[in-house]
Amino acid sequence: MADRYARVVVDSRLPQLDRLFEYRVPPGVEGVEPGVRVRVPLRGDRMTSGYVVEVADARAWEGEVADVEKLVSPVPVLRPEVWALARAVADRAAGGAADVLRVAIPGRQARVEKAWLERTGSEAAPLPPLPDVPERAPVLPGLVEARRRIALECAGGVAAVETADGTAWIGRWAIALAALARQALERGEQAILVVPDHREQRQLRLALEAAVGVERVVELDARQKNPERYRGFLRCLDDEPVAIIGPRSAVYAPAARLGLLVVWEDGDPLLAEPLSPWVHARDAALVRQGQSGCALVIAGHARSTDAERLVELGHLEHERVGTHRVRVLPAALADDGRRVPAAAFAAARDALASKPVLVQVGRPGHAPGLRCADCGSRGRCAACGGPLGQRSRGAAPACRLCGRLAAGWRCPSCDGRRLVPVGRGSSRIAEELGRAIPGVPVVVADGDHERLAVDARPRIVVATRGAEPVADGGYGAVVLLDGDALLAHEGLRVAEEAVRQWAGARALAAEGAPVVLAGVVGPAAAALTGPTTVPFAKAELAERRQLRFPPAVRTASVVGTPDAVAEALEALGSADHLDVLGPVPVAGDDARPGEEAHRAIVRFPYNDGARVAGVVRARVLAAASRPRRPGAPARLRIRLDDPEPFDGL
DNA sequence: AGCACGCCGACT
DNA sequence: GTCGGCGTGCTC
């Protein structure tokens, strides 16, 4: 029989290796098919792992061809559509496809794989039919069938769902999204629903289990250990009509008949991959929708400027579901510097007669800062200069940057020894509220004290932003503190992010409950008091358009040796629609005397994205094959759509 | 990355 | 005459 040849994408971060390599499939190696993992030699006898992308009967490579060393696993974990997606996403981000695949495909677990292979081999139990669900008002009927693409603003509110262990309360958004997922499953298609983190994933899982049945929900939780992740991943390969939920990497789940792709809370920074090439799940979803033609829902309690741009462009249609009547009351801060305005106290006291009350705060711990009791100068870490803080009342002061305890602290300016707290963290606010409203239990929910849900009994729940538990029946009042400090930060997305976080807390209020927004006025406050956040997003976007800031434009940050940066900028050429900020010297890990790094920011319109990505990628490639000292960073690093340079603006 | 190939200075 | 400097190029 004639030889077969496998084209393989190798698992390497090197830009020079970001293409397909051809290998002969030797007679002794069985099971080499598209999608499987293999080990192949690269440069002599050094072995690399990779995925087979295609198999052919004839060779296309003219040079020498090595043999596939062995089959790692017979499971075709890289589906053709996921390969196409990874390639397109990497190209758009000027990065490597292997870097995207590392996020898309979990590590192999031999035991899990064996169990899965045996299960599919033998019984392959058919899925039970979709459960009957109690009549609710239909949510956007026909959305999946019509392959609509929408930006969805979900009104807040909580609702009860029946679970195996009784009744659970979850956000109504989850119930709406689960109903949309069911549309896909009814057509025999899959739905992928991407959420920022496990808190939302839990709510969505409960809603989906009620809407489509436990057997048809597949979780790809990043918090799960690898065996669990791999088990969920393999279930996607079964090609059954299931709903797949997971964190940002779930956007790459191997669904062959994808009917619906949902991104929930697309403004959440957690949806941006923190690894090269730093792709945002929203962007990956847009690429995937373009390739598969599935229905697309970009949803949140608040409209992101990114989603609004797509609406104004006509790529997405605006939709809104649900109604949630709450009273948002802006309240001025008291002159005495207390964080809790009188109006908030009044609302909380009334509500606490029958329901829990949510207090959203900015920072965890007792005191975010400390100062010298004698001279008032700021307490700093003797070792690293970071700010000192206190995690709980009476706790030893510790550096918030490096974590070192500041035992035996002496004030460098006055030799004082006593530190007093500056500002109020969650536990200090909780204490003060507990004293002010005696007899009511107070609980804290923050990064250290995770709490997903609270029951309906009256209590005060002090939570940091994003860590708010869902209350059974909803909160009787919601108090949003520290908004003034939040908005005082300079940053491109500060107001947008504030509105998103407030809207998230507002959504947890019971129907008709008061929501007190303390110490904030202006457009961000108006966004929350109004019936919809869309006008706010529109106004933000208009302003960014005028300033040529993201997401009105795309950006490329170009960092490296001065010559490499200059060459990259020259290769990009000059045009009216391109504008280059810099290059400027940057301090950093790679700053060396006499050889500092430069950075430039290039702003370009979306329709020039493919060209810009291609040009800068070619420059990275050229720079990579030039010599540099061992251990030194690459001569040229590119990051597309990096929000960081604009954070301080 | 890592390693081989390739063309110019000081050495047994 | 040669040993070896590291600039350049390549990995099926």
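Naming convention: chains lettered A, B, ... in sequence-line order (proteins, then strands); numbering from 1 in each chain.
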**OP:** Rounded off to whole Å, could you give me the CD-to-P distance for the A:Glu69 and C:dT11 pair?
**Re:** 20 Å

Original post:
Can A:Arg603 be said to sit on top of A:Phe549's aromatic six-ring, NZ or CZ under 6.0 Å from centre and within 45° of the ring axis?
Top reply: no

**OP:** May I have the distance from A:Leu20 (atom CG) to C:dT11 (atom P), rounded to whole angstrom?
**Re:** 15 Å

Subject >> Closest nucleotide among C:dT11, C:dC10, B:dA1 to the A:Phe21 side chain >> reply: C:dT11

**OP:** Answer yes or no for this row: A:Trp61 ring on C:dC12 base, centroids under 5.5 Å, planes under 30°.
**Re:** yes

Subject >> Separation of atom CZ in A:Arg13 from atom C1' in B:dG2, rounded to whole Å >> reply: 14 Å

Original post:
Atom CD of A:Gln16 and atom C1' of B:dC3: how far apart are they, to the nearest Å?
Top reply: 13 Å

Original post:
For A:Arg46, which contact category applies under a 4.0 Å heavy-atom criterion: base, sugar-phosphate, or nothing?
Top reply: sugar-phosphate

**OP:** Nearest whole angstrom, please: distance from the P of B:dA1 to the CG of A:Leu42.
**Re:** 14 Å

**OP:** Report yes or no: do A:Glu540 and A:Thr305 form a side-chain donor-acceptor pair below 3.5 Å?
**Re:** no

Sequence neighbours excluded and cut-off under 3.5 Å, please list the side-chain donor-acceptor pairs for residues 9-16 of chain A, or say none.
| from | atom 1 | to | atom 2 | distance (Å) |
| --- | --- | --- | --- | --- |
| A:Asp11 | OD1 | A:Arg102 | NE | 3.3 |
| A:Asp11 | OD1 | A:Arg102 | NH2 | 2.8 |
| A:Ser12 | OG | A:Leu14 | N | 3.0 |

Original post:
Taking atom P of C:dT11 as reference, at what distance in whole Å does atom CZ of A:Arg7 sit?
Top reply: 16 Å

Original post:
Is there a donor-acceptor contact under 3.5 Å linking the side chains of A:Asp221 and A:His198?
Top reply: no

Subject >> Separation of atom CZ in A:Arg59 from atom C1' in C:dC12, rounded to whole Å >> reply: 9 Å

**OP:** Tell me what A:Leu17 touches on the nucleic acid: a base, only sugar-phosphate, or nothing, going by heavy atoms under 4.0 Å.
**Re:** base

Subject >> Nearest-angstrom distance from the residue atom CG of A:Asp11 to P of C:dC12 >> reply: 16 Å

